[in-house]
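In what follows, chains are A, B, ... by sequence order, proteins preceding strands, each numbered from 1.
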Number of protein chains: 2
Amino acid sequence: MTSTTTTTTAREPVTRARAIQAAVALADADGIESLSMRKLARDLGVEAMSLYYHVKSKDDILDGMIESVIDEMALPAADAEWKSALGERAESARRVLGRHPWAISMVDQRTTPTTMRHLDTVIGCLRHAGFSIAMAAHAMSLLDSYVHGFALQEASLPLDESGDIGATTEDILAQQGMTAAFPHLAEMGVELILQPGYAYGNEFAFGLRVILDGLEAAFTAEARSRA
Amino acid sequence: MTSTTTTTTAREPVTRARAIQAAVALADADGIESLSMRKLARDLGVEAMSLYYHVKSKDDILDGMIESVIDEMALPAADAEWKSALGERAESARRVLGRHPWAISMVDQRTTPTTMRHLDTVIGCLRHAGFSIAMAAHAMSLLDSYVHGFALQEASLPLDESGDIGATTEDILAQQGMTAAFPHLAEMGVELILQPGYAYGNEFAFGLRVILDGLEAAFTAEARSRA
DNA sequence: ATACATACCTTACATCGTATGGTACTTTCT
DNA sequence: AGAAAGTACCATACGATGTAAGGTATGTAT
C-alpha cells in the first residue's frame with residue numbers, strides 16, 4: 001500500500017518550495033508564533049533536521065514565505081493608468097495581507113529580489129505616467145504606509161470565530177463603567193460598529209480615495225509648475 | 001559594602017513598574033526578540049522566577065510596555081482645533097514609535113484602558129469639532145493606519161549603525177546586475193536617496209499633509225451637505 | 001510566640017533552532 | 001564490475017525559552 005518496489009505514492013519528496021508552501025499554510029492556520037521546524041517537518045512527514053537539507057535556516061523559510069505572499073499581489077502593467085493601477089495594487093495587497101496577517105510586519109523587513117521587482121514595477125508605472133522621482137517616492141511611501149498600517153489594524157480587530165466584530169464589541173461595552181469612562185468610544189460602538197452591515201474593512205475605501213485624490217492633486221500641481 | 005545590618009544600598013526592590021521600565025529599556029537596546037524573563041531578571045538583579053511575584057506573565061509585561069509607550073504620546077486637548085491636534089498627535093506617535101520600534105506591531109493588538117483612554121480623547125476632539133461619528137471613524141482609521149504603517153516602514157530601513165541609509169543603499173546598488181534588473185529602483189537610489197540631505201523620515205510630512213487636507217475636504221463637504 | 005504575608009530562589013519540564021555526525025539509497029565514473 | 005560521490009533523510013545533543021511547583025528567608029500583626 002505504501003511503498004513497494006517501484007516508486008509509488010510513498011510521500012512527496014520535500015523541496016524548498018513545498019516546505020515554504022507548508023509553512024505558509026501552517027502560519028495561516030495557527031499563527032506565525034506556532035510555526036516551528038518540528039511542526040513543519042511533521043506536516044511534511046519528515047523529521048525536523050531533514051528540512052535543513054532543503055533550506056538554510058528557519059529565517060530562510062521566512063524569506064521564502066514573504067516572497068510567496070508578495071507574488072500573490074497584483075502587479076500593475078508598466079503602462080497602466082497610474083491612479084487605477086495604484087488603487088488596484090493597494091486593494092490587492094490589502095486582501096493578500098488579510099489572508100496572511102503574519103506577513104504584515106515582515107514584508108517591509110525582508111528585502112528579496114521579489115520585493116524589489118515589485119517595487120521597481122510600481123515606480124516604473126509612476127515614472128511612465130510623468131511622476132518625478134521625488135513625487136514617486138512620496139506616493140509609494142504614503143500608499144504603502146497606509147496599506148500596511150490598515151492591514152495591521154484590521155488584523156488586530158477582536159473578531160470572534162465567525163469573523164464578526166459585534167459580539168466582542170458588545171462584551172467590551174458591557175464592562176463595568178465602560179460608557180462612563182469612555183463615552184465617545186462607547187458611542188461609536190453603539191451608533192456605528194454595532195449597526196447592522198458595518199464592517200471595519202469598508203473603512204479602507206475612504207482612506208484610499210483620500211490618498212489617491214491627494215496624490216493626483218500633488219502630481220498635477222507638480223506638472224503645472226514644471227510647464 | 002553591600003548590605004550591612006540596616007537597610008543600605010543593597011538593591012532597589014522589584015516592582016511591576018520597575019520591571020516594565022527595565023523591559024522597555026532592554027527591548028529598545030537589543031530588540032524585542034531578545035527580551036526574556038531571565039535577561040530581564042538579571043538586569044533587575046534577581047532570578048527569573050522572582051518576577052512572577054510582581055507580574056502575572058510575560059504577556060502581562062508586554063501589556064505594561066505598550067501602556068508605557070502609549071503614555072509617551074501627546075494627547076490633544078478635547079477642545080483643541082482638530083487639524084493641528086491630529087497633526088501633532090501623528091507626529092508625536094511617529095516619534096515615539098521610532099524610539100520603540102518593537103511596539104509598532106503590538107499597539108493595535110493590545111487593548112488596555114490606556115489605549116482606550118487615548119482613543120476616546122481623540123474621538124472626543126473630532127466630535128467636538130463637528131465630525132459625525134462615521135467621519136470620525138474614517139479619520140481615525142486613515143490617520144492611524146498611515147502613522148503605524150509609516151513607522152513600520154521607517155523601522156525596517158537598512159540603516160547602518162550611524163543611522164545613515166547611504167552606505168547600505170550603495171551596497172545594494174553595487175550588487176551585480178542590480179541597475180539592469182531594477183532600473184527605476186536604481187535611479188531612485190542614485191538620484192534621490194543618495195543625495196546629500198535626503199532622509200526617509202522627511203517623507204512623513206508629505207503624507208500627513210495629504211491626509212489632513214483630504215480629511216478637511218471631506219469634513220467640510222459633510223458639514224455643507226448637512227446644512 | 002505564633003501566624004501570615006512578602007519577596008525572593010531552586011529545580012524541573014516541554015519546546016525551540018540548529019550543530020554534529022550518522023545511515024541508507026542512487027547516480028556517476030573508471 | 002566496483003568505487004566514489006551525491007542525495008535525502010534521521011538521532012542525539014546543547015543551550016535557550018516561559019513558567020508550574022514547591023521551597024526559604026525576612027518581615028509585621030496578633
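Looking at B/Leu62 and B/Ile66, their side chains never come closer than 4.5 Å, going by heavy atoms from C-beta outward.
Using a 4.0 Å heavy-atom distance criterion, B/Leu35 is classed as a sugar-phosphate-only contact. When heavy atoms are screened at a 4.0 angstrom cut-off, B/Ser50 is found touching base atoms of the nucleic acid.
When rounded to the nearest whole Å, the span between CZ of B/Arg18 and P of C/dC8 equals 9 Å. Straight-line distance from the CD atom of B/Glu33 to the C1' atom of C/dG17: 14 Å, rounded to whole Å. Protein atom CG of B/Leu62 is 10 Å distant from nucleotide atom P of D/dG18, rounded to whole Å. In this structure, B/Lys56 places its NZ atom 12 Å from P of D/dA20, rounding to the nearest Å. Distance NZ (B/Lys39) to P (D/dA16): 9 Å, rounded to an integer number of Å. Atom C1' of nucleotide C/dG22 and atom CD of A/Glu47 are separated by 14 Å, given to the nearest angstrom. Between the P atom of D/dG18 and the CE atom of B/Met49 lies a distance of 11 Å, rounded to the nearest Å. Between the P atom of D/dA20 and the CG atom of B/Asp59 lies a distance of 12 Å, rounded to the nearest Å.
For the pair B/Arg94 and B/Phe204, the distance from NZ or CZ to the six-membered ring centre is under 6.0 Å and the angle to the ring normal is within 45 degrees.
The side chain of A/Val14 sits closest to D/dC9 out of D/dC9, C/dT18, D/dT19.
Side chains of B/Glu191 and B/Tyr198: a donor-acceptor N/O pair is absent below 3.5 angstrom, by distance only.
Ion pair A/Asp144/A/Arg89 flagged as a salt bridge, since at least one NZ, NE, NH1 or NH2 atom sits closer than 4.0 Å to an Asp/Glu carboxylate oxygen.
Comparing A/Ser34 and B/Tyr53 by the nucleotide of DNA chain C that holds the closest heavy atom to each, the one mapping nearer the 5' end is B/Tyr53.
In this structure, B/His54 does not reach the C/dT6 phosphate: none of its side-chain N or O atoms is under 4.0 Å from OP1 or OP2.
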